[in-house]
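Contents: one structure, followed by commentary.
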Amino acid sequence: MKKGIELLATGSALPAKVVTNEDLRRLVDTSDEWIVKRTGIRERRHCVGENQFSLAAGAAQAALERSGVDPARVAACIVTTICADNISPSCACLLQRALGLPEQTVCFDLNGACAGFVYGLQVISGLLTEDRPYGILVSSETLSRLSDFTDRSTCVLFGDGAGAAVVGLCDSPYGLCGDFGSRSNREVLYIPSATASEPSYIHMEGQAVFKFAVDIIPRCIDRVLQQAGLTMDGVDLVVMHQANARIIDHVAKHLKLPPEKCFKNIARYGNMSSACIPIALDDLYREGRLSAGMRLLPVGFGGGLTWGGALLEVGDIK
Ligand code: ACO
């Protein structure tokens, strides 16, 4: 047997404020019909009282509590985000105290854009040990803070939320199977930092990102399956980054995936960057659709342009 990692518990936290397509129609020249047809999004959440840290803490506390894992046996806490409230200290360092994690815990934030959660799975697996075999991976994003509410081509797409997963080292016939990469591209998707001379808004050439996504996702999935020696029949659920329902449907058609194997919740939340996948995992858990022994294939893609896919086995999920 090889060493792999398994999913032991999930959690999520969403802002209370629901923003519908109709609400956005009052701000920019758009319509519910356009947004639903082109993206599949019906509503999203926006922070009012919440922030990137409070969402991360809510999701992580829910996952840790559900897992029953002793915080003293957690080796690493990683937060994936492009929206951290502070450059320093990292959100992960602040979570350490909120979660009661020991001083020896490795805590840091990771920017893999929308592929962040899957990057995080790969990174955290290398930090777990026999003595402290558990890790907490949290993805928390507040994209409403980076949205230009005069730009109809981007502001309708994004939302805020956080998802978390407690993972553990396990013996696995597959080991760590993942496919990752990036393309060093600044043109098609970028967000200047708060210290730049232009406002810190999301800039995106939607069609170019769309083409990138439908090209890379099937190839990434094929390479993960090849490494694991599996076919798609051996995978229970593909959980793609929720950027656009048409991207998910396009990939599902290409790979001949039946709809029940391809999770979609974009209608309720929009695109929450790296938080989409762990929130999808928590939705699946709460719908009673996760059970021990299942094999999941999360795939993320986004700014960078980054992508990442990995085989994630479900452990004794609580
Ligand atoms: N309402 C009404 N019309 C709109 C809107 C809107 N909200 N936004 C754009 N339009 C118009 C455009 O102005 C254009 O009008 P024109 O033909 O008169 O010039 C027309 O609609 C078509 O625009 P396109 O950009 O061609 O529309 P498209 O079908 O490509 O959809 C979209 C745009 C939804 C952004 C799509 O390209 C997409 O989803 N791309 C991928 C995005 C993605 O995956 N991002 C992930 C990484 S980013 C992250 O996760 C943080």
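Below, all heavy atoms of this structure are taken into account, side chains as well, without hydrogens, waters or symmetry copies. Every number for a ligand or one of its atoms is a count from 1 in the order of the listing.
- Here the closest non-hydrogen pair linking Gln242 and Met240 is NE2-O, 2.9 Å.
- For Ile202, no heavy-atom contact with ligand 1 is shorter than 4.0 Å.
- The nearest non-hydrogen atom to atom 49 (C) of ligand 1, considering only Gly302, Cys114, Cys83, Cys155, comes from Cys114.
- Between the side chains of Ser144 and Asp160, at least one donor N or O lies within less than 3.5 Å of an accepting N or O.
- Heavy atoms of Thr154 found under 4.0 angstrom from ligand 1: none, in either backbone or side chain.
- The contact set between ligand 1 and Thr39, taken as ligand atoms under 4.0 Å from a residue heavy atom, comprises 34 (C).
- Among residues two or more places apart in sequence or in another chain, the salt bridge (Lys or Arg N to Asp or Glu O under 4.0 Å) test is passed with Arg246 by none.
- Residue Trp34 touches ligand 1 through its side chain alone, judged by heavy-atom distances below 4.0 Å.
- In this structure, atom 7 (N) of ligand 1 lies nearest to the protein heavy atom Arg152 O, 2.9 Å.
- Under the 4.0 angstrom criterion for non-hydrogen atoms, Phe301 is in contact with ligand 1.
- Of the heavy atoms in Thr30, both backbone and side-chain atoms come closer than 4.0 Å to ligand 1.
- Heavy-atom proximity to Leu189, at under 4.0 Å, picks out these atoms of ligand 1: 47 (C), 48 (S).
- Asn21 and Trp34 are not linked by any side-chain donor-acceptor pair at a separation below 3.5 angstrom, with hydrogens and angles left out of the test.
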